[in-house]
Amino acid sequence: QVHLVESGGGLVQAGGSLRLSCAASGSISRINAMGWYRQAPGKQRELVAAITSSSSTNYADSLKGRFTISRDNAKNTLYLQMNSLKPEDTAVYYCNADVRGSTTTITVRYWGQGTQVTVSS
């Protein structure tokens with residue numbers, strides 16, 4: 001079974017920074033694209049950033065310049081560096097990974113449980 005576990009969330013003041021991590025484990029042959037989504041209270045889940053296996057990146061327009069997505073393929077770990085945080089960044093942040101299992105021939109998208117990020121004014 002493949003598991004994704006997010007960490008690094010917490011409470012931070014506006015203008016501060018946080019670094020989120022997402023560790024993938026289990027029956028993994030390779031991981032293709034990975035990404036971060038977030039969901040704020042009363043809103044739908046939205047894309048934050050995505051990254052391919054070759055480290056090509058894509059960001060939500062409103063977040064480009066403040067957030068940076070990266071990955072460590074050797075550790076099967078995804079990161080999100082969040083700078084200049086704003087109260088509107090408050091949300092549960094979820095990671096996902098497109099995983100090719102060691103015993104399958106298909107790629108499946110897995111999701112983590114999420115980590116809470118709260119930005120105070």
Side-chain angles (χ1 to χ4, degrees):
Q1 187 175 24
V2 176
H3 292 95
L4 302 179
V5 180
E6 300 97 336
S7 62
L11 176 64
V12 64
Q13 291 185 334
S17 299
L18 285 174
R19 191 191 194 201
L20 306 183
S21 298
C22 173
S25 62
S27 182
I28 299 171
S29 178
R30 71 185 305 270
I31 301 176
N32 296 327
M34 304 183 78
W36 289 98
Y37 284 71
R38 69 184 184 184
Q39 187 166 23
K43 297 183 179 180
Q44 293 186 320
R45 188 174 299 188
E46 63 178 353
L47 173 70
V48 174
I51 185 169
T52 68
S53 60
S54 60
S55 296
S56 177
T57 59
N58 185 49
Y59 296 90
D61 289 340
S62 63
L63 303 178
K64 186 176 294 185
R66 296 193 296 119
F67 289 12
T68 302
I69 189 171
S70 61
R71 62 191 288 170
D72 186 333
N73 292 330
K75 298 180 179 179
N76 286 337
T77 300
L78 176 71
Y79 304 98
L80 182 68
Q81 180 66 46
M82 304 186 294
N83 298 323
S84 301
L85 284 163
K86 304 174 181 179
E88 52 263 43
D89 294 321
T90 296
V92 177
Y93 285 71
Y94 300 89
C95 70
N96 70 265
D98 295 337
V99 179
R100 177 69 57 84
S102 60
T103 60
T104 67
T105 59
I106 62 173
T107 299
V108 177
R109 177 164 292 183
Y110 291 88
W111 291 87
Q113 296 291 336
T115 184
Q116 177 71 48
V117 172
T118 302
V119 184
S120 65
S121 61

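In what follows, residues are counted from 1 in the order of the sequence shown.
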Got a second to check how far [X]'s [atom1] is from [Y]'s [atom2], nearest 0.5 Å?
{"X": "Ser84", "Y": "Phe67", "atom1": "OG", "atom2": "CZ", "result": "9.0 Å"}
{"X": "Cys95", "Y": "Leu78", "atom1": "SG", "atom2": "CG", "result": "6.0 Å"}
{"X": "Ile31", "Y": "Asn76", "atom1": "CD1", "atom2": "CG", "result": "4.0 Å"}
{"X": "Gln81", "Y": "Leu18", "atom1": "CD", "atom2": "CG", "result": "8.5 Å"}
{"X": "Ile51", "Y": "Met34", "atom1": "CD1", "atom2": "CE", "result": "9.0 Å"}

Same apolar cluster: [X] and [Y], side chain cutoff 4.5 Å:
{"X": "Val117", "Y": "Leu11", "result": "no"}
{"X": "Ile106", "Y": "Trp111", "result": "no"}
{"X": "Leu80", "Y": "Tyr110", "result": "yes"}

Are the side chains of [Y] and [X] in contact, using a 4.5 Å heavy-atom criterion?
{"X": "Leu85", "Y": "Gln13", "value": "no"}
{"X": "Val92", "Y": "Tyr37", "value": "no"}
{"X": "Asn58", "Y": "Leu47", "value": "yes"}
{"X": "Thr118", "Y": "Thr90", "value": "yes"}

- Those residues that, when tested against Ser17, pass side-chain hydrogen bond (donor to acceptor under 3.5 Å, both in side chains) (two or more places apart): Asn83
- Task: For Arg19, check side-chain hydrogen bond (donor to acceptor under 3.5 Å, both in side chains) against everything at least two apart and list the hits.
- Result: none
- Note on the structure: In short, Ala14 meets Ser121 closest at the heavy-atom pair CB-CA, 4.4 Å
- Which atom names give the shortest non-hydrogen contact between Thr104 and Arg100, and what distance separates them? O-CD, 3.9 Å
Quick one: side chains of residues 20-28, donor-acceptor pairs under 3.5 Å with protein atoms, not counting sequence neighbours, listed by atom name and distance.
from, atom 1, to, atom 2, distance (Å)
Ser27, OG, Ser102, OG, 2.3

- Which pairs with one or both residues in residues 103-115 pass salt bridge (Lys or Arg N to Asp or Glu O under 4.0 Å), sequence neighbours excluded? Asp98-Arg109
- Answer yes or no: does atom CD of Gln44 have more than 12 heavy-atom neighbours from other residues, nucleotides or ligands under 6.0 Å?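 At most 12 heavy atoms, drawn from other residues, nucleotides or ligands, come within 6.0 Å of this atom.
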- Message: Hydrogens and angles aside, do Ser54 and Thr52 bring a side-chain donor and acceptor to less than 3.5 Å of each other?
- Response: yes
- Message: Could you work out, with salt bridge (Lys or Arg N to Asp or Glu O under 4.0 Å) as the rule, every residue matching Asp89, not counting sequence neighbours?
- Response: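 Asp89 satisfies salt bridge (Lys or Arg N to Asp or Glu O under 4.0 Å) with Arg38, Arg66 once adjacent residues are dropped.
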- Message: Could you work out, with ring pair (Phe, Tyr, Trp, His ring centres under 6.0 Å) as the rule, every residue matching Tyr94, not counting sequence neighbours?
- Response: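 By the ring pair (Phe, Tyr, Trp, His ring centres under 6.0 Å) rule, Tyr94 matches no residue at all.
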- Are the side chain of Glu6 and the backbone of Gln113 linked by a donor-acceptor contact shorter than 3.5 Å?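 Checking the backbone N and O of Gln113 against the side chain of Glu6, a donor-acceptor pair under 3.5 Å is found.
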- Task: Dump the intermediate steps for side chain to side chain contact (heavy atoms under 4.5 Å, CB included) on Met82 and Trp36, then the final yes or no.
- Result: CA-CA 12 Å; Met82 304 186 294; Trp36 289 98; over 6 Å; no
